[in-house]
Number of protein chains: 2
Amino acid sequence: MSTRVERTHTAVMEAATALLLEGGPTAITIDGVVARSGVAKSTVYRHWTTRDELVVDVFDHIAPKLEAPDPTLGFEDALRRLVHSMLAMMTAPGWLRVLPAMLLLKLHQHDIAEVEQRMHDAQLKVFQDVLQRGVSEGRIGADDDPELLLTLFVGPILMAGLTGSTELNGALADRSVSQFLGALDAVAPTAP
Amino acid sequence: MSTRVERTHTAVMEAATALLLEGGPTAITIDGVVARSGVAKSTVYRHWTTRDELVVDVFDHIAPKLEAPDPTLGFEDALRRLVHSMLAMMTAPGWLRVLPAMLLLKLHQHDIAEVEQRMHDAQLKVFQDVLQRGVSEGRIGADDDPELLLTLFVGPILMAGLTGSTELNGALADRSVSQFLGALDAVAPTAP
DNA sequence: CAGAAACGATACCGTCTCGTATCGTTACAG
DNA sequence: CTGTAACGATACGAGACGGTATCGTTTCTG
């Protein structure tokens with residue numbers, strides 16, 4: 001079983017998360033959380049000193065982690081695994097409703113910007129690990145900017161998720177990979 | 001000169017837009033607009049029946065249009081022009097602060113979703129016009145989904161603008177084009 | 001099992017916000 | 001030049017919201 005402190009904590013977090021998904025970040029209101037969770041307002045303020053603190057906590061808690069591909073895989077295989085992890089991440093429950101909120105709030109709220117920063121760093125690290133294999137295999141120049149490559153690689157998937165311009169499915173994922181690889185070969189062919 | 005109705009209208013719009021840029025969509029408040037524009041509240045409600053109506057109007061007014069490339073240009077040249085127009089659009093004053101707001105609000109507000117839809121349609125139309133040249137030149141299969149191609153093409157630039165993962169400059173634009181073209185050639189070479 | 005920590009219920013305050021109403025004043029069009 | 005439409009100023013009501021305070025009750029912990 002869990003202790004009472006844990007129970008009330010998660011009850012509030014779940015309520016706040018639900019409100020965020022249903023009505024956006026402004027829908028996370030103390031009274032709303034109280035009504036939805038059944039937890040008393042005084043108790044909420046015992047766990048979080050302010051509303052903003054709770055909001056940040058919700059974002060920090062719901063932010064999905066990008067799964068790292070098997071280290072034994074080669075460059076291309078790892079890249080294919082990665083894009084599917086990326087897809088899984090984007091289609092994680094509710095994430096498509098949270099991500100826009102995060103991208104907006106980070107502009108005006110430092111705490112949220114930090115959460116997004118940490119998430120981005122973690123993703124970049126995973127990506128760089130895959131890139132390194134590409135360098136080893138002579139597919140990628142070691143001087144290429146990883147951030148730029150990440151943007152080129154993941155941009156389409158992010159756009160699809162945010163704008164709904166295209167369905168987030170395997171077809172898009174495959175095209176993303178082949179486009180990324182195709183561009184590499186067009187610039188620096190596989191065999192010298 | 002301009003009529004008085006026009007003057008008050010634009011005064012309110014400018015104030016509301018400034019508030020949007022500075023504090024996000026929730027910062028657009030009637031009292032705030034009144035204070036900032038110097039226009040009386042009663043006058044504001046003479047032009048817009050509700051706050052949401054004003055907000056939608058602001059978004060609709062600030063949404064930039066994607067410039068269409070010269071019709072005489074060939075596929076590749078048109079594509080290069082297009083990506084630079086796209087870049088110009090993203091770096092338009094304040095747009096990087098408005099776009100996230102739009103992507104969030106469209107999830108919960110139909111009016112905003114319609115504004116975004118119209119903008120997307122206009123962009124797609126411009127892009128399809130360029131695509132057509134690619135089809136004529138045998139670079140692109142006529143059965144390829146334009147929406148998917150647009151996503152693959154513009155995704156990186158959108159991501160760079162939204163997340164700040166990479167600077168929005170000519171380097172990114174050029175890489176976007178070469179990646180897009182490189183992928184085409186890898187699948188369907190230029191000369192049969 | 002006893003003391004302490006956490007909790008629930010409730011009331012309350014100050015502020016913000018939307019929207020309405022009133023009325024004297026100003027600009028504009030015919 | 002005159003009537004009318006638009007405007008400014010202001011007050012007001014009602015509700016939402018953040019945050020504080022109080023006090024009796026429950027649950028954990030040692």
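Residue numbers begin at 1 in each chain, while the letters A, B, ... track the order of the sequences.
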request  = Pull out every residue in residues 50-61 of chain B that has a heavy atom closer than 4.0 Å to any atom of DNA chain C, ordered by number, or say none.
outcome  = B:Thr50, B:Arg51

message = Just to verify, what does A:Arg97 make a salt bridge (Lys or Arg N to Asp or Glu O under 4.0 Å) with, not counting sequence neighbours?
response = none

ask   = Ion pair present between A:Glu14 and A:Arg36, side-chain N to carboxylate O less than 4.0 angstrom?
value = no

message = For A:Arg51, I'd like to know if atom CZ has over 12 heavy atoms of other residues, nucleotides or ligands within 6.0 Å.
response = yes

ask   = When the distance from CD1 of A:Ile30 to P of D:dG18 is rounded to whole Å, what number comes out?
value = 5 Å

task = Find the distance between CD (A:Gln179) and CG (B:Leu181) and round it off to the nearest 0.5 Å.
result = 9.5 Å

Mutual orientation of the aromatic rings belonging to B:Phe127 and B:Phe180 [parallel < 30°, tilted 30-60°, perpendicular > 60°] = perpendicular

Pairwise distance CE(B:Met90) to CG(B:Leu99) - rounded to 0.5 angstrom = 5.5 Å

note = All heavy atoms of B:Asp70 vs all of B:Arg133, minimum pair found to be O-NH1, 3.0 Å

request  = Kindly check if the number of other-residue, nucleotide or ligand heavy atoms within 6.0 Å of NE2 (A:His61) is above 12?
outcome  = no

ask   = Given atom OH of B:Tyr45 and atom C1' of D:dT10, what is their separation to the nearest angstrom?
value = 15 Å

key: Protein-nucleotide distance (A:Asp31, atom CG; C:dT15, atom P), rounded to Å   = 18 Å

task = Take nucleotides 1-12 of chain C nucleotide by nucleotide from the 5' end and write B, S or -, depending on whether a protein heavy atom sits under 4.0 Å from the base, only from the sugar-phosphate, or from neither.
result = ----BBBBB---

